[in-house]
Amino acid sequence: MASLRNAPPRLRNYFKDNYIPQICEALLCGLLVTCPEDPLKYLESMILAIIENGLENLLWCIHPSLKPKVRRLSETYLDELFGLDDQLMTPELMIKACTFYTGHLVKSHFGVWKEIAIPHANQEAIMAEKMDKAIAHDNFRCQKHIFNRWFSYTVKRRERLIATLLRLRHLFYTQKQRIILAKWKEKARHKSKKREDDLITKHELQLKKWKFKLSLEKPINIEGSFSDFGVTDKRIVFDISVLPDQAVVQIFVYLTFKDLVSCSQVNRSWMSMIQRGSLWNSIDFSTVKNIADRCVVTTLQKWRLNVLRLNFRGCVLRAKTLKSVSHCKNLQELNVSDCPSFTDESMRHISEGCPGVLYLNLSNTTITNRTMRLLPRYFHNLQNLSLAYCRKFTDKGLQYLNLGNGCHKLIYLDLSGCTQISVQGFRNIANSCTGIMHLTINDMPTLTDNCVKVLVEKCPRISSVVFIGSPHISDCAFKALSACDLKKIRFEGNKRITDACFKSVDRNYPGISHIYMVDCKGLTDSSLKSLSVLKQLTVLNLTNCVRIGDIGLRQFFDGPASVKLRELNLANCSLLGDTSVIRLSERCPNLHYLNLRNCEHLTDLAIEYIASMLSLISIDLSGTLISNEASH
């Protein structure tokens, strides 16, 4: 029994459970150490001792001097002899493992050594191929760089050629128009002179007829005095209606509607003059109180083809009367502000009959979103629109402005008092009316910086803004407006605007010419220092900016902004003194209008320097310490 590896599991478990390998090991060790004379009796006694005392005390039956010096092992080698160790590693497997590991090491290390020690046979060919690729890549990169520079040059050259051709075309058309206008002007002058000559000839013939008729009644003494002609009661007959149209228009154009009607009732000659169509291009019904609806309807029906401008401001008319406006097919300007009877239905009739309207004033009326839907559908050329104090339309109504052809030609927009408009409403306006240039929003406490920001994002052509009575506008709105080419700004009654709004003003608003910052108490002398670099500034109004003093004005006058300044309003700036006026007289040669009302520190010395400013047309010094003697 050399091994039990292939024995049944029952037999292997039997050997393990009964500690047979350990018993055999103990007995063999005792025999090897003690070497008894009778090994069988020794084995018999050891077996009896194991039966009595157990296997643990068997080893210590050896004489102490003969006990081994080594420690007792936890396992026994006899497990391997009997095949009870469950070991899977065999000598054959160990030989295979060592052989595989040795072959792997030889293969890997030999491969590396071969690559290092033995050079490639075609190294030069590979290097030559790499060099060819590098040269080709470098040539392509150089060609690409040169081509890009050439392409940029050709694009710029083409743009310059196109700009030159456009300039030449503009010059050609301009010269052509000048020639046409000169010829037309010469022809018109010749025709007007001929008409005047014919009129003078006609008058001379009438005068000769009158003299001839007078000579038949009474002989005239040629040598007598001219007073002899006055003995007869005959009046000189002259028909005023035969005057040129231009003269008639200049006579009657300044009369109101009521006066024109009165003039037409004088006589037939005046009636014929009043019937000139050019006198009825503009009709203002707002000057007549309690005008009859029948009169309005009759007038519009009679002059429907000549009317270009209508003004119904404040007129209380019936809805049926306003429908008659739709007969004026050539109407260009319509003002129905403050008309309580104007409704969406009236607007529908007008929009269907007058598609050529350019100016439309609907302020303080009861229009709703229905009217807002009509505007982009019919008024494709609308340029000026006033919706001031119309509070019945909503943000959705402003979204309608983008329907159809939209109101994309709108230039002027007035939204004063429309407190119902939110940020979304201003976003709808920006999407619909991207060409707005003049924006007026007064008396709107709900206006915020975000409203201005969303509007400016898509309306970069804004050139003038008016924000009066909008207390929540701050410096952030000014920063947003820097994206536009502003020419005119007007703020009034705002306490959140500070000197920060005018920082870098020369870079953000280089072409600004009008600045109205009335009652903005956050502005100080630093603002004037920032404004001093504006070369195009012509009007500056800082009324009630009480923190402005002589230091800021001196810095402002030292800059280039004072050269073109035509109007300066510093009313109620109580910190100003005579030194500011002295500097003003030296640095403002083109100043026409000056307001220093209630500047309490001005004295008679200031009036001496003001008197030396020959360009002044108007000046206000009320409320100052200047005496009457000095002012005279």
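For clarity, every value in this text was computed on a predicted model and none was experimentally measured.
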Practice problem: Establish, yes or no, whether a centroid distance under 6.0 Å links the rings of Phe252 and Trp270. | Solution: yes
Quiz item: Any side-chain heavy atom of Phe502 within less than 4.5 Å of one from Asn508?
Solution: no
Practice problem: Would you confirm whether Asn381, through its side chain, and Gly356, through its main-chain N or O, come within 3.5 Å as a donor-acceptor pair? | Solution: no
Exercise. Start with the C-alpha gap between Asp259 and Thr256, add the side-chain angles, then the distance that decides, and say whether side chain to side chain donor-acceptor pair (under 3.5 Å) holds.
Key: CA-CA 5 Å; Asp259 295 334; Thr256 62; 3.0 Å; yes
Quiz item: Excluding sequence neighbours, so at least two apart, what forms salt bridge (Lys or Arg N to Asp or Glu O under 4.0 Å) with Arg597?
Solution: Asp620
Quiz item: Going from OG on Ser585 to CG on Leu614, what distance comes out if it is rounded to the nearest 0.5 angstrom?
Solution: 11.0 Å
Quiz item: Heavy atoms, side chains only, cut-off 4.5 Å: are Phe426 and Ile441 in contact?
Solution: yes
Quiz item: Do any N or O atoms from the side chain of Arg566 and from the backbone of Leu591 form a donor-acceptor pair under 3.5 angstrom?
Solution: no
Exercise. Apply side-chain contact (heavy atoms from CB on, under 4.5 Å) to the pair Leu375 and Met347, showing each step before the final yes or no.
Key: CA-CA 9 Å; Leu375 296 180; Met347 192 65 214; 4.2 Å; yes
Quiz item: Would one find more than 12 heavy atoms of other residues, nucleotides or ligands at under 6.0 Å from atom NZ of Lys521?
Solution: yes
Quiz prompt | Least distance between heavy atoms, Cys545 atom then Cys573 atom | solution = O-SG, 3.5 Å
Quiz item: Do we get Arg373 above Tyr400's six-membered ring, with its NZ or CZ under 6.0 Å from the centre and within 45° of the axis?
Solution: yes
Exercise. Could you pull out the closest heavy-atom pair between Ile473 and Arg496, with the gap in Å?
Key: O-CB, 3.6 Å
Quiz prompt | Residue Tyr609 excluded, over 12 heavy atoms near OH under 6.0 Å | solution = no
Quiz item: Which pair of non-hydrogen atoms, one from Leu382 and one from Leu358, has the smallest distance, and what is that distance?
Solution: CD1-O, 3.5 Å
Self-check item: Any donor-acceptor pair under 3.5 Å from Ser580 side chain to Leu576 backbone
Solution: no
Quiz item: Is there a donor in the side chain of Ser363 and an acceptor in the side chain of Asn361, or the other way round, less than 3.5 Å apart?
Solution: yes
Quiz prompt | salt bridge (charged side-chain N to carboxylate O under 4.0 Å, His left out) between Arg370 and Glu345, worked out | solution = CA-CA 9 Å; Arg370 291 179 57 192; Glu345 188 65 20; 3.7 Å; yes
Quiz item: Would a distance-only check, ignoring hydrogens and angles, find a side-chain to backbone donor-acceptor pair under 3.5 Å from Asn369 to Thr371?
Solution: no
Self-check item: Working for salt bridge (charged side-chain N to carboxylate O under 4.0 Å, His left out), residues Lys320 and Asp293
Solution: CA-CA 9 Å; Lys320 185 177 180 181; Asp293 294 88; over 6 Å; no
Self-check item: Thr299 and Ile283, any side-chain heavy atoms less than 4.5 Å apart
Solution: yes
Quiz prompt | Asn335/Ser337 under side chain to side chain donor-acceptor pair (under 3.5 Å): CA gap, chis, key distance, verdict | solution = CA-CA 6 Å; Asn335 187 349; Ser337 59; 2.8 Å; yes
Exercise. Taking atom CG of Leu403 as the centre, report whether more than 12 heavy atoms of other residues, nucleotides or ligands fall under 6.0 Å from it.
Key: yes
Quiz prompt | Thr538 vs Leu565 side-chain heavy atoms within contact, under 4.5 Å | solution = no
Quiz item: Of all heavy-atom pairs between Leu523 and Cys501, which one has the smallest distance, and what is that distance?
Solution: CD2-SG, 4.4 Å
Exercise. Any chance you could lay out the side-chain contact (heavy atoms from CB on, under 4.5 Å) test for Gln275 and Lys302, step after step, and finish with the verdict?
Key: CA-CA 10 Å; Gln275 300 299 319; Lys302 184 176 182 180; 3.2 Å; yes
Quiz item: Distance from Leu537 atom CG to Ser513 atom OG, nearest 0.5 Å?
Solution: 7.5 Å
Quiz item: Does Ser470 use its side chain to pair, donor to acceptor, with the backbone of Phe467 at less than 3.5 Å?
Solution: no
Self-check item: Heavy-atom closest contact (Thr366 atom, Lys392 atom, distance)
Solution: O-CD, 4.0 Å
Quiz item: Got a donor-acceptor contact below 3.5 angstrom from the Asp344 side chain to the Thr368 backbone?
Solution: yes
Self-check item: Arg547 side-chain N/O to Asp525 backbone N/O, donor-acceptor pair under 3.5 Å
Solution: no
Exercise. Starting at CD1 of Ile497, measure out to CG of Asn494 and round the result to the nearest 0.5 Å.
Key: 4.0 Å
Quiz item: Roughly how far, to the nearest 0.5 Å, is CD1 of Ile429 from CG of Leu401?
Solution: 7.0 Å
Quiz item: How many angstroms lie between atom OG of Ser324 and atom CD of Gln301, to the nearest 0.5 angstrom?
Solution: 7.0 Å
Quiz item: Can Phe478 and Phe491 be said to form a ring-ring contact (aromatic ring centres under 6.0 Å, His included), step by step?
Solution: CA-CA 11 Å; Phe478 267 88; Phe491 285 77; 4.9 Å; yes
Practice problem: Step by step, work out the side-chain contact (heavy atoms from CB on, under 4.5 Å) result for Ile421 and Met444. | Solution: CA-CA 10 Å; Ile421 302 177; Met444 194 166 178; 4.0 Å; yes
Quiz item: Are any non-hydrogen side-chain atoms of Ser278 and Asn281 less than 4.5 angstrom apart?
Solution: yes
Quiz item: Judged by atom type as modelled, is there a donor-acceptor pair below 3.5 Å linking the side chain of Asn590 to the main-chain atoms of Val563?
Solution: yes
Quiz item: Under 30°, 30 to 60°, or over 60°: which ring-plane class applies to His438 and Tyr412, parallel, tilted or perpendicular?
Solution: tilted
Practice problem: Carefully, step by step, assess Asp443 and Tyr389 under the rule side chain to side chain donor-acceptor pair (under 3.5 Å). | Solution: CA-CA 9 Å; Asp443 300 328; Tyr389 305 100; 2.5 Å; yes
Self-check item: Pairs meeting criterion salt bridge (Lys or Arg N to Asp or Glu O under 4.0 Å) with involvement of residues 461-488, two or more places apart
Solution: Asp485-Lys487
Practice problem: State, to 0.1 Å, how close Ser615 and Cys588 come at their nearest heavy-atom pair, and which atoms those are. | Solution: OG-O, 4.4 Å
Quiz item: What is the ring orientation for Phe312 with Phe285, classed by angle as parallel under 30°, tilted 30 to 60°, or perpendicular over 60°?
Solution: parallel
Quiz prompt | Donor + acceptor pair across side chains of Asp338, Asn364 (<3.5 Å) | solution = yes
Quiz item: Is there a donor-acceptor contact under 3.5 Å linking the side chains of Lys396 and Gln424?
Solution: no
Quiz item: Which is it for Leu575 and Ile548 under the side-chain contact (heavy atoms from CB on, under 4.5 Å) test, yes or no, and what are the steps along the way?
Solution: CA-CA 7 Å; Leu575 299 180; Ile548 291 175; over 6 Å; no
Practice problem: For the pair Glu352 and Arg348, find out whether any cationic side-chain nitrogen is under 4.0 Å from an anionic carboxylate oxygen. | Solution: yes
Quiz item: If only atom types and distance count, is the side chain of Ser618 paired as donor or acceptor with the main-chain N or O of Tyr593 below 3.5 Å?
Solution: no
Exercise. Would you mind telling me which of Asn544, Asp519, Asn595, Thr543 makes a side-chain hydrogen bond (donor to acceptor under 3.5 Å, both in side chains) with Asn572?
Key: Asn544
Exercise. Say whether, by atom type as modelled, one donor and one acceptor occur between the side chain of Ser562 and the main chain of Asp558 under 3.5 angstrom.
Key: no
Self-check item: Reported SG-to-CD distance for the pair Cys354 and Glu333, which is rounded to 0.5 angstrom
Solution: 13.0 Å
